[in-house]
Amino acid sequence: MLAYEWTFGSVLWAMIVFFFWFMLIWMFIGVFADIFRRNDLSGGAKAGWLLLIFILPFFGILIYLIARPKMTAQERERRISGYSAADEVAKLAKLRDEGKITAEEYEKMKQQALLQV
């Protein structure tokens with residue numbers, strides 16, 4: 001298709017189609033990652049959800065988001081444990097100031113603490 005064959009409507013339609021394909025792929029990746037991140041699902045359940053979102057992508061994602069609990073047991077554990085990245089970084093800064101860890105170790109551990117959030 002040559003550039004002069006494109007009308008404003010066809011350009012607009014192509015942009016809308018691209019946006020919805022991009023959105024569907026983004027949702028697929030997010031749900032895919034969420035399924036593998038969860039500890040409360042067995043291997044068979046994970047395989048079943050993945051099969052559903054591969055066969056019926058839009059409806060599979062919609063069904064998964066409706067069926068997924070608002071807060072999984074894994075998320076509850078994290079909230080109950082009271083983990084705070086800010087507290088962890090403050091402890092690391094104190095260790096660095098006392099000379100018990102180097103600045104490089106501090107930066108490395110700080111990045112690890114921030115990634116656990």
Side-chain angles (χ1 to χ4, degrees):
M1 202 169 191
L2 299 175
Y4 63 86
E5 294 176 358
W6 285 80
T7 63
F8 178 71
S10 61
V11 170
L12 189 62
W13 180 249
M15 289 173 57
I16 291 171
V17 168
F18 175 78
F19 170 76
F20 280 102
W21 272 111
F22 187 81
M23 184 178 61
L24 180 67
I25 291 169
W26 191 267
M27 288 185 335
F28 180 82
I29 291 169
V31 169
F32 191 84
D34 187 60
I35 289 171
F36 275 104
R37 192 178 311 127
R38 288 179 58 182
N39 292 335
D40 60 334
L41 290 176
S42 67
K46 287 179 183 183
W49 279 116
L50 290 177
L51 188 64
L52 181 65
I53 66 170
F54 270 110
I55 292 174
L56 300 169
F58 182 72
F59 290 113
I61 290 170
L62 186 64
I63 293 167
Y64 176 78
L65 292 176
I66 291 171
R68 184 186 189 280
K70 290 184 186 219
M71 185 178 292
T72 63
Q74 186 176 349
E75 292 167 343
R76 271 189 233 108
E77 284 177 18
R78 184 173 278 275
R79 286 198 178 182
I80 290 172
S81 70
Y83 177 81
S84 169
D87 292 340
E88 196 70 27
V89 171
K91 290 176 192 174
L92 291 171
K94 183 179 176 187
L95 289 173
R96 182 197 58 199
D97 294 342
E98 292 173 355
K100 295 183 179 178
I101 60 173
T102 64
E104 294 82 23
E105 290 173 325
Y106 167 76
E107 288 299 324
K108 183 180 175 186
M109 288 188 227
K110 181 174 114 177
Q111 289 301 319
Q112 290 174 348
L114 294 174
L115 288 175
Q116 290 180 5
V117 174

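Worth saying up front: this structure is predicted, and the values here are computed from it rather than measured.
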Intermediate values then yes/no, side-chain contact (heavy atoms from CB on, under 4.5 Å), V89 and Y106
CA-CA 9 Å; V89 171; Y106 167 76; 3.8 Å; yes
Can you give me every donor-acceptor pair (side chain of residues 20-35, partner residue at least two apart or in another chain, under 3.5 Å) with its distance?
from, atom 1, to, atom 2, distance (Å)
D34, OD1, R68, NH2, 3.2
D34, OD2, Y64, OH, 2.4
D34, OD2, R68, NE, 2.7

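Residues L52 and L62 fall into different hydrophobic clusters, defined by Ile, Leu, Val, Met, Phe, Trp and Tyr side chains chained together at heavy-atom separations under 4.5 Å. F18 is not connected to W13 by any chain of hydrophobic side-chain contacts under 4.5 Å among Ile, Leu, Val, Met, Phe, Trp and Tyr, and they are in different clusters. Linking ILVMFWY residues whenever their side-chain heavy atoms come closer than 4.5 Å, directly or via other members, places M15 and W6 in the same cluster. Criterion: ILVMFWY side-chain heavy atoms under 4.5 Å apart, direct or through other members. Under it, L51 and F54 are part of a common hydrophobic cluster.
E104 meets the salt bridge (charged side-chain N to carboxylate O under 4.0 Å, His left out) test with no other residue; sequence neighbours excluded. K100 pairs by the side-chain contact (heavy atoms from CB on, under 4.5 Å) definition with L95, E98, not counting sequence neighbours. Residues satisfying the side-chain hydrogen bond (donor to acceptor under 3.5 Å, both in side chains) test with T7, not counting sequence neighbours, are S10. Looking at residues two or more places apart in sequence or on another chain, you find no salt bridge (charged side-chain N to carboxylate O under 4.0 Å, His left out) involving K46. For L12, the side-chain contact (heavy atoms from CB on, under 4.5 Å) test picks out F8, I16, with sequence neighbours left out.
Taking both residues in full, the closest heavy atoms of W49 and G60 are given as CZ3-O, 4.3 Å, listed atom of the first, atom of the second, then distance. Between A103 and R96, the shortest heavy-atom distance links the atoms CA-CD, 4.4 Å.
Atom OG1 of residue T102 and atom NZ of residue K108 lie 10.0 Å apart, to the nearest 0.5 angstrom.
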